[in-house]
Amino acid sequence: QKAAFPAAVFFRPGQTDPSLRINTRVVFTPPDNRTDYEDVWSEVSSEAKTYWNGLMDKWRGQEEYENNAIERFKDESNEVELMIVISKLLTGFDAPRNTVLYLAKPLVEHNLLQAIARVNRLFEGKEFGYIIDYVGILGKLDEALTQYSAFEGFEEEDLKGTVVDILSEVRKVTARLADLWDIFKGIPKADLEALERHLGPKDVRDNFYQRLSAYARILQVALSSDEFYQEYNDNEIQAFKNELRFFQKMRISVQNRYAEVVSYKEYEPRVRKLLDTYVGADYVEKLTDQVNIFDQSMVHEALEIYGQTPASKADMIAHQMKRVITENMEKDEAFYKKFSDLIEETILAFREGRIDEKEYLERVLNTRTDLQSGHQEGLPEILNNKVEARAFYGAMVSVLPPSIENPPELQEIKSQMALAGIEISKIVQGLTIRDWKRNIDVQNKMENEIEDYLIEHRKTLGLEITFEEIDDLLVKCLKVAKNNY
């Protein structure tokens, strides 16, 4: 791009929230104590000089104090939220999270551009910087930029709009809200259940989160400016707030319903502050970050709090199971893959209307019970309560050729492989020591003993496996071992 820096937005002082406490540091030129020397401190009270001397006593020098203040300002912990600077940090200072610049003294040409550049760095959740002009020097900045010799290589149209008036941003509120509602085109606004079901597909939810974030950010800009209150009446502004409250409440509900943890590092704190300051945050009703689907009491509590309909309850349990399956897939891929397919099939059956809400919930709860107990159709009983052996068994079954269709023969093969899974689990258990996953010698010995066992029994497993299949099995067994022991 030819533009010198991303577009910034400026506005005159608007509403403030007196309840907010702001951590500040001051960085300025120290007083000159030379005899008869006239400087900016010559008309300053002794109180200011005493303040400076106190800083120097505490920090053992100007450089150490300034470096500490700058580093704490750059840090995301917000330990220093506001830096008050007097003829300092116009060059060589880079803090991308710096979002607002307050101009309180006249600046021209390169000094003005250097000051603006302090808030032109992009940052997560930051689309542009804000310039609050107390002096009135930005009114003709576009004209000044096109006349400034340092920008002779740029097109005039590229430089215009580098700084825009806050009113142009305020007027985007309605457009951002329309974009948000456009996701739900054709769905009755009053039908919350239908709205939430519409957000079932992940790509649709991601679009919803992005557009909600855009609406929240633009509303935050608007609510902080006088122009917003001049452009819209009280009822319209309250309606904008209510819409944010509605969608934010829906976001929390959808996040719980589909077992998501949506964390926008910069977006979340800003929205919370926006809601606390202008809207009110009594909408939040959050049970826990995650529901343990194997904890019956927690599941019951979650269903009572989140579940408004059988479908919403089923969605919540189904997606919590999907989360658990994803987290544990490496431990026993064959076992968890079957449950994953079963859950996806059940969700699809409901969305396509092949089952109703009640049957959807019943199927999901039955699947949860089976997942919790480790029950799976066709799994040899000898593997009940033997989680690790079941995982090795699953790895062995994965080498079965598709041509085996005779049920008696298949059951006999599975029974033999179940016994082999138990024996392999004993081999692994006997070789595991502390930090064995970092010990190549132990891993090699484990692999050798499993290989010896498979070669010795490859004709007695009910199915003669090839040496190539044994090599494949060794890789899978070691993976199972690393994820279970």
Side-chain angles (χ1 to χ4, degrees), residues 200-202 258-259 290-296 299 314-352 354-355 359-422 424-425 428 461-463 465 469 472-485:
K202 187 177 184 303
Y258 298 110
Q290 294 181 344
V291 176
N292 181 356
I293 60 167
F294 299 142
D295 185 327
Q296 185 63 41
V299 170
D315 275 337
M316 187 195 67
I317 297 301
H319 286 83
Q320 289 290 350
M321 282 194 290
K322 287 177 65 176
R323 174 184 60 80
V324 170
I325 288 170
T326 299
E327 292 172 354
N328 291 277
M329 185 67 76
E330 296 296 314
K331 293 183 177 181
D332 188 346
E333 184 174 349
F335 177 79
Y336 286 107
K337 179 69 167 58
K338 288 184 179 180
F339 275 101
S340 178
D341 292 343
L342 179 59
I343 293 169
E344 290 292 351
E345 180 184 333
T346 303
I347 292 174
L348 184 62
F350 172 68
R351 289 180 179 168
E352 292 180 347
R354 289 183 277 121
I355 58 175
E359 185 176 354
Y360 179 32
L361 179 57
E362 287 177 353
R363 286 195 188 184
V364 166
L365 289 175
N366 289 337
T367 303
R368 187 200 74 85
T369 300
D370 289 343
L371 180 61
Q372 180 180 13
S373 66
H375 171 75
Q376 192 173 72
E377 194 69 30
L379 189 71
E381 292 186 9
I382 193 173
L383 294 174
N384 288 345
N385 301 318
K386 294 181 176 65
V387 177
E388 294 83 3
R390 184 191 68 201
F392 290 116
Y393 161 80
M396 299 191 69
V397 170
S398 68
V399 305
L400 288 174
S403 58
I404 298 181
E405 298 179 355
N406 188 299
E409 180 186 2
L410 182 59
Q411 286 305 114
E412 176 60 25
I413 292 173
K414 286 186 175 182
S415 296
Q416 293 300 321
M417 288 189 169
L419 291 172
I422 293 173
I424 293 175
S425 69
V428 173
L461 293 175
L463 173 72
I465 57 176
E469 289 169 338
D472 185 32
L473 267 177
L474 288 175
V475 174
K476 293 182 178 182
C477 286
L478 200 59
K479 180 180 177 182
V480 167
K482 288 181 177 180
N483 284 282
N484 284 277
Y485 291 87

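Worth saying up front: this structure is predicted, and the values here are computed from it rather than measured.
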K.L.:
How far apart are the closest heavy atoms of Ile382 and Ala418, and which atoms are they?
P.N.:
CG2-CB, 3.7 Å
K.L.:
For side-chain contact (heavy atoms from CB on, under 4.5 Å), just list the numbers for Tyr393 and Ile422, CA-CA rounded to whole Å, side-chain angles, deciding distance to a tenth of an Å, and then say yes or no.
P.N.:
CA-CA 8 Å; Tyr393 161 80; Ile422 293 173; over 6 Å; no
K.L.:
Please check: side-chain N/O of Ser373 versus main-chain N/O of Thr369, any donor-acceptor pairing under 3.5 Å?
P.N.:
yes
K.L.:
Considering non-hydrogen atoms only, spot the tightest contact between Val364 and Met321 and give its length.
P.N.:
O-CE, 3.6 Å
K.L.:
Does CD belonging to Glu352 count more than 12 external heavy atoms closer than 6.0 Å?
P.N.:
yes
K.L.:
List the atom of Val480, the atom of Ala391, and the distance in Å for their closest heavy-atom pair.
P.N.:
CG1-CB, 3.5 Å
K.L.:
Specify the closest pair of heavy atoms between Lys322 and Glu344, including all atoms of both residues, with the distance to one decimal.
P.N.:
NZ-OE2, 2.8 Å
K.L.:
I need the single residue from Arg390, Lys476, Lys479, Lys337 that forms a salt bridge (charged side-chain N to carboxylate O under 4.0 Å, His left out) with Asp332. Which is it?
P.N.:
Arg390
K.L.:
What distance do Tyr360 atom OH and Ile355 atom CD1 have between them, rounded to the nearest 0.5 Å?
P.N.:
7.5 Å
K.L.:
Roughly how far apart are Asn483 CG and Leu478 CG, rounded to 0.5 Å?
P.N.:
10.0 Å
K.L.:
What's the spacing between Asp315 CG and Leu361 CG if we round to 0.5 Å?
P.N.:
10.0 Å
K.L.:
So do the side chains of Gln416 and Leu419 get within less than 4.5 Å of each other, counting heavy atoms only?
P.N.:
yes
K.L.:
Show your reasoning for whether side-chain contact (heavy atoms from CB on, under 4.5 Å) applies to Ile325 and Phe335.
P.N.:
CA-CA 9 Å; Ile325 288 170; Phe335 177 79; over 6 Å; no
K.L.:
Which value, rounded to the nearest 0.5 Å, describes the distance between Arg363 atom CZ and Leu342 atom CG?
P.N.:
8.5 Å
K.L.:
Can you tell me if CD on Glu388 sees more than 12 non-hydrogen neighbours from other groups inside 6.0 Å?
P.N.:
yes
K.L.:
What orientation do Tyr258 and His319 show, parallel under 30°, tilted 30 to 60°, or perpendicular over 60°?
P.N.:
perpendicular
K.L.:
If you measure from CZ on Phe339 to CE on Met329, what distance do you get to the nearest 0.5 Å?
P.N.:
11.5 Å
K.L.:
Is Asn385 atom CG crowded by more than 12 heavy atoms from other residues, nucleotides or ligands, each under 6.0 Å away?
P.N.:
no
K.L.:
So for atom NZ, which belongs to Lys386, do other residues, nucleotides or ligands contribute more than 12 heavy atoms lying within a distance under 6.0 Å?
P.N.:
yes
K.L.:
For Ala395 versus Leu473, what's the shortest heavy-atom pair and its separation?
P.N.:
O-CD2, 3.3 Å
K.L.:
Measure the CD1-CD distance between Ile343 and Gln320 for me, rounded to the nearest 0.5 Å.
P.N.:
11.0 Å
K.L.:
Should Ser425 and Tyr485 be marked as a side-chain contact (heavy atoms from CB on, under 4.5 Å) after you check the CA-CA gap, both sets of side-chain angles, and the distance that decides it?
P.N.:
CA-CA 10 Å; Ser425 69; Tyr485 291 87; 3.5 Å; yes
K.L.:
Give me the atom names and distance for the closest heavy-atom approach of Met396 to Ala420.
P.N.:
SD-CB, 3.6 Å
K.L.:
Answer yes or no: is there a side-chain heavy-atom contact under 4.5 Å between Leu371 and Tyr336?
P.N.:
yes
